[in-house]
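In this chain, residues are counted from 1 in sequence order.
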Amino acid sequence: MTVDGVRLVLAGAGLRGIGYARRAAATGAARVVAVAEPDPARRAAFAAEFGVPAGQVFTDWAELAAAGRLGDAAVIATQDRMHADAAVAFAGLGYHILLEKPMATTEPDALRIAAAVDAAGVMLAVCHVLRYTPYTRALKGLLDSGTIGKLVNVQHLEPIGWWHFAHSFVRGHWNNSETSAPLLLTKSCHDIDWLLYLIGAAPSRVSSFGGLAHFRPEQRPAEAADRCLDCPLEPSCPYSAPRLYRSCLGDPASEFWPLSAVTTDHTPAGIDAALRDGPYGRCVYGSDNNVVDHQVVAMEFPDGATCTFTMTAFTPMEHRRTRLFGTHGYVDGDGRLLHVTDFRTGEQHTIDTGTLADGTAGDGHGGGDDAIMDAFIKAVACGDASALHSDAAASLASHRVVWAAERARTDGATLTLAGIGERPATGHEPQRAGRTSS
């Protein structure tokens, strides 16, 4: 490091990458010294905004890695399937790594990352940003204090939002498990990780159910056109692309996300041009999507506690909702407020955690994005990982639960998870979950 703070290199200058870079620059504790981004317009705009020298602007992460160690830490915000190779390469160069979730799209690749980080002796923070919000801090403190006694059951809902699902998981980059990964991994590894963090353990058994119920060709109305701009049903369709993206104009947060994923021309004409030719103007019943639009995961923990997690497209887009049932009390949380009932006294009170926004990517996930960036920079600057709420082993453990749940869903089985919370031996294949009768 230098007197100018932590030197960051950034692989991927999309919405996530630029958000982290802006936070780093705003704090004054770090500066971006190199960037890799395949899109020429984004690459040029990023380099100009952060003053990255021309000689340290690269077309992809591999070219950046080939240049050697240019900084202290790397932020990896590439497409999901690139995470493993990039993380292994940057760890080998001695970079501490902030890695966008998911950790990797396959279990063997996640194991490669964990092994590389161990071998290099560097810090890895996967962007489990939900761990870092004021809401989580308040809820975790309440549970750890024993206020509601022993935790017996948890119900957790991720309300993806009807338009968000259409944007990201029908028309967008994460719509097909063959080119990205299953929805439980790309969207909800956040939530599985968060639940394990709150409960303080990994499950011993998992089952799962779900599928693609609505966004499929057989649900398409007979009069529907291939593109919203040509469709006579567009004015009354809940998934109208023109209505969604035109409504973003004039709102800086919505222009940053989701609109910037569609076009950089934030005008009515620019939006229409993107919808005429690009993926975000397609009919939601005629896209190449295959990921589930609803899924339930059931988990049993070694102490007998149980947890159910539901993610669904068919909701407003709002904060996650969680109910926690203990032997001495009950908590009902809505992402901002925690409503607590004490069984011993019958008293009820509400904790306002101060989270005002809706917990989406556009608002920084309720403060989690800024907080994880601050923690990562502090950890690198001090050489002390205690500022981070998870490491490679913790991220690997929660991702393995996700992969087990997805296997349970596709195989119709209940899976027994052996040693999932333990770090696997370097170089060994992941221990497969055992199967019980479904």
Side-chain angles (χ1 to χ4, degrees), residues 101 125-159 188-204 206 297-311 315 318-360 363-375 378 385-391 394-395 397-398 401 421:
K101 61 89 182 170
V126 177
C127 293
H128 298 303
V129 297
L130 298 184
R131 290 187 178 223
Y132 291 80
T133 65
Y135 175 80
T136 299
R137 187 162 56 249
L139 179 53
K140 179 68 170 169
L142 188 150
L143 293 175
D144 290 349
S145 71
T147 298
I148 65 168
K150 180 182 182 296
L151 190 62
V152 176
N153 176 252
V154 178
Q155 298 174 354
H156 182 60
L157 168 68
E158 180 174 10
S188 296
C189 66
H190 264 329
D191 296 88
I192 298 297
D193 175 83
W194 186 75
L195 289 166
L196 270 57
Y197 177 58
L198 287 182
I199 295 169
S204 53
V206 62
V297 178
M299 293 175 278
E300 182 181 62
F301 290 81
D303 67 352
T306 55
C307 175
T308 55
F309 166 57
T310 298
M311 64 173 181
T315 66
E318 56 190 11
H319 277 299
R320 293 153 167 94
R321 299 187 175 219
T322 312
R323 293 175 173 177
L324 304 104
F325 306 86
T327 55
H328 291 165
Y330 163 75
V331 181
D332 189 348
D334 64 6
R336 175 193 168 193
L337 302 176
L338 297 170
H339 304 285
V340 184
T341 300
D342 189 322
F343 299 162
R344 293 161 293 191
T345 65
E347 294 180 353
Q348 298 178 328
H349 70 279
T350 297
I351 301 170
D352 188 338
T353 66
T355 303
L356 299 179
D358 60 10
T360 68
D363 69 24
H365 291 105
D369 290 354
D370 286 351
I372 195 172
M373 193 70 220
D374 294 350
K378 179 181 179 181
S386 63
L388 302 172
H389 295 337
S390 63
D391 58 10
S395 294
S398 64
V401 174

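Contact record, A375 with Y132: CB-CE2, 3.8 Å, taken as the closest heavy-atom pair. Here the closest non-hydrogen pair linking L151 and A305 is O-CB, 3.7 Å. Among all heavy-atom pairs drawn from A202 and P302, the shortest one is O-CD, 3.3 Å. The minimum heavy-atom distance between V401 and P203, with the atom names listed, is CG2-CD, 3.7 Å. Of all the heavy atoms in D193 and S398, the pair that sits closest is OD1-OG, 3.1 Å.
Looking at heavy atoms from C-beta onward, D191 lies in side-chain contact with L130 at the 4.5 angstrom threshold. Residues L337 and T353 are not in side-chain contact: their nearest non-hydrogen atoms beyond the backbone lie 4.5 Å or more apart. V154 has its side chain out of reach of L198: every pair of non-hydrogen atoms, C-beta onward, lies at least 4.5 Å apart. Side-chain contact between V152 and T327 is present, with at least one heavy-atom pair separated by less than 4.5 Å. Side chains of Y135 and I351 form no contact here, defined as non-hydrogen atoms less than 4.5 Å apart. A 4.5 Å side-chain heavy-atom check between F301 and S204 finds every atom pair outside the cut-off. Using a 4.5 Å heavy-atom cutoff, the side chains of V331 and R323 are not in contact. Using a 4.5 Å heavy-atom cutoff, the side chains of L139 and L324 are in contact.
Counted by atom type alone, T147 and H328 present zero donor-acceptor pairs between their side chains at under 3.5 Å.
Interatomic distance, CE of M299 versus CD1 of I199, reported as 6.0 Å (0.5 Å rounding). Within the model, atoms OG1 of T308 and CG of N153 stand 6.0 Å from one another, a figure rounded to the nearest 0.5 Å. To the nearest 0.5 Å, atom OG of residue S390 and atom OH of residue Y197 are 9.0 Å apart. With values rounded to the nearest 0.5 angstrom, L157 atom CG is found 8.0 Å from T322 atom OG1. Here CD1 of I148 is found 9.5 Å from CZ of F325. Values are rounded to the nearest 0.5 Å. The NE2 atom of H190 sits 12.0 Å away from the CZ atom of R131 when rounded to the nearest 0.5 Å.
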Before giving the answer on salt bridge (Lys or Arg N to Asp or Glu O under 4.0 Å), spell out for D342 and R344 the whole-Å C-alpha distance, their side-chain angles and the decisive distance to 0.1 Å.
CA-CA 6 Å; D342 189 322; R344 293 161 293 191; 3.3 Å; yes

One pair to check against side chain to side chain contact (heavy atoms under 4.5 Å, CB included): Y330 and V340. What are the steps and the verdict?
CA-CA 6 Å; Y330 163 75; V340 184; over 6 Å; no

Please report the C-alpha distance between H128 and S395 in whole Å, then the side-chain angles of each, then the deciding distance to 0.1 Å, and finally whether the side chain to side chain donor-acceptor pair (under 3.5 Å) criterion is met.
CA-CA 8 Å; H128 298 303; S395 294; 3.0 Å; yes

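Take E300 and apply the salt bridge (Lys or Arg N to Asp or Glu O under 4.0 Å) test, not counting sequence neighbours, and it matches R205. Partners of T136 under the side-chain hydrogen bond (donor to acceptor under 3.5 Å, both in side chains) rule, at least two apart in sequence or in another chain, are T133, W194.
E158 pairs in a side chain to side chain donor-acceptor pair (under 3.5 Å) with only one of the listed residues (R321, H319, R320), which is R320.
Residue K378 places its NZ atom among 12 or fewer non-hydrogen atoms of other residues, nucleotides or ligands, all under 6.0 Å distant.
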